[in-house]
2 protein chains.
Amino acid sequence: MDQLFRKIYNHPLFTSTDMLEIVSLHKRVILPKNSFLLEEGKTANAYYLIEKGLIRFYVHDYNGNEITTQFICENEIANEVSSLFQRIPSIQNIQAVTDAVVWKIDFEDFQHLYHTMESVREWGREWMSAQLFQIQQRSIEMITQSASSRYLHLMEYRPQIIQQAPLKQIASYLGIADTSLSRIRKEIVVS
Amino acid sequence: MDQLFRKIYNHPLFTSTDMLEIVSLHKRVILPKNSFLLEEGKTANAYYLIEKGLIRFYVHDYNGNEITTQFICENEIANEVSSLFQRIPSIQNIQAVTDAVVWKIDFEDFQHLYHTMESVREWGREWMSAQLFQIQQRSIEMITQSASSRYLHLMEYRPQIIQQAPLKQIASYLGIADTSLSRIRKEIVVS
DNA sequence: GAAAGCACTTTACATAAGTCAAGAAATGTT
DNA sequence: AACATTTCTTGACTTATGTAAAGTGCTTTC
């Protein structure tokens, strides 16, 4: 658990005192599989550090299909930024894919940190920049790589997802039909 | 020009005094077509408000092809966030698609505003949230919509791009081959 | 003002991925 | 344990998009 906070709040400006204050505002939450951290239509009031388990973000497309837009693995942050920081209802759902243990920090508590600590502001801005970078990289991958390359990439860099998420969710995350993913898996096993 | 600043720095927390100070730190720059605002490998030192003209972001994929990742239209901001705020070399290029007039603000000047004005911090965080939201929406569109729907969507909501960018750049932005875009255009004219 | 170079279009063909439907396997429920 | 449900696989067929190559028409340039 200590390791979790050190991994996530990893910024040169943080002092030990900062860290103690930050950690003290997080609350441990146990989540059963399939439970929600945020439902569409509601406004986010917290973000979450994932200690154990797998989390996903999904939206409904115009046909009502669920599209998984993000997977959040252990030692990562689940934060629906546009709802939390613009204080507007979310179009995304955040759901536990497996049973999970997470640490929650409420918006008001974070606001307090953000307004009183320079280090938190810098950390926050860099975290958002990194998010933007990652999502940009993912778009580029979607454009330039084939479905099977994208799957292999996931296998290599985010194996937790392959192991714990159902095929249908992975397929929608990769932007392909679930039958196609099934076929891709078969080819990989053969070769 | 006044309208440009009002559109971009549009946040309830800004006072007239804030606005005057902010505007005073921007410098007008004239850009010839094809000139660069940022080149890959260099670290961004400013961001830009676009008064006139069209700007694009692009990267090179592993085959050396240019992939246009963003178009920035008039009254929008061109900011390579991960390079500017994480102070690391950019993998993206920012280039003027047409002759352009932009207003530049240097990183140090922005840092000054950011550290001294609460309103700038809130504005900045909301702007980044909005960016994340937009890029997320674009990913979803890439997954769920056909190439021609995506093109029609661009036509409807960002006509400046269709009018001013060459076909090849639009095609890579939509994630399709330029011959495919040419076909799509033909079908649209016929129907 | 002819040549060269771009930007775009068109054609023929190849291929990745989608759709639909059936069945197998796994999981959850009483 | 038996049933119902969900998840995953497989097959046959369709379709959107990619590839390669040739052709058209504009600009740019010397």
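Every value quoted in this text rests on a predicted model; they were computed, and no experiment measured them. Here is how names work: the chains are called A, B, and so on, in the same order as the sequence lines, proteins then strands, and each is numbered from 1.
Remark: C1' of C:dT9 and CD1 of B:I184 are 14 Å apart, rounded to the nearest angstrom. Protein atom NZ of B:K33 is 7 Å distant from nucleotide atom P of D:dT28, rounded to whole Å. Rounded to an integer number of Å, the gap from CZ of B:R185 to C1' of C:dA7 is 10 Å. Spacing between atom CG of A:N34 and atom C1' of D:dT7 amounts to 13 Å, rounded to whole angstrom units. B:Q164 places its CD atom 17 Å from the C1' atom of C:dA7, with the value rounded to the nearest Å. Distance CG (B:L174) to C1' (D:dG18): 15 Å, rounded to an integer number of Å. One interatomic measurement links the two molecules: CG of B:N63 to P of D:dG18, which rounds to 14 Å at whole-angstrom precision. Atom CG in B:L167 sits roughly 17 Å away from atom P in C:dC6 (whole-Å rounding).
Put simply, A:K186 has a side-chain N or O that comes within less than 4.0 Å of OP1 or OP2 on D:dG11.
Of the listed residues (B:R56, B:R158, B:K7), just one forms a salt bridge (Lys or Arg N to Asp or Glu O under 4.0 Å) with B:E76, and that residue is B:R158.
Between A:F36 and A:Y58, the angle of the ring planes lies from 30° to 60°, which puts this pair in the tilted group. In this structure, B:F107 and B:F85 have tilted ring planes: the angle between them lies in the 30° to 60° band.
The side-chain tip of B:R138 does not point at the ring of B:F133 from less than 6.0 angstrom away and within 45° of straight on. A cation-pi arrangement, defined by a distance under 6.0 Å to the six-membered ring centre and an angle within 45 degrees of its axis, is present between B:R125 and A:Y114.
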(message) One pair to check against side-chain hydrogen bond (donor to acceptor under 3.5 Å, both in side chains): A:S119 and A:D18. What are the steps and the verdict?
(response) CA-CA 8 Å; A:S119 53; A:D18 289 348; 3.1 Å; yes
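No more than 12 heavy-atom neighbours from other residues, nucleotides or ligands sit within 6.0 angstrom of OH on B:Y157.
When atom types are taken as modelled, the side chain of B:S90 and the backbone of B:Q92 share a donor-acceptor pair closer than 3.5 angstrom.
Of the residues in residues 135-162 of chain A, none has a non-hydrogen atom less than 4.0 angstrom from any atom of DNA chain D.
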(request) Would you mind building the protein contact string for nucleotides 18-24 of chain C? One character per nucleotide, 5' to 3', B for base within reach (heavy atoms under 4.0 Å), S for sugar-phosphate only, - for untouched. (result) BBB----
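B:Y9 and B:W123 have their aromatic ring centers within a separation under 6.0 angstrom.
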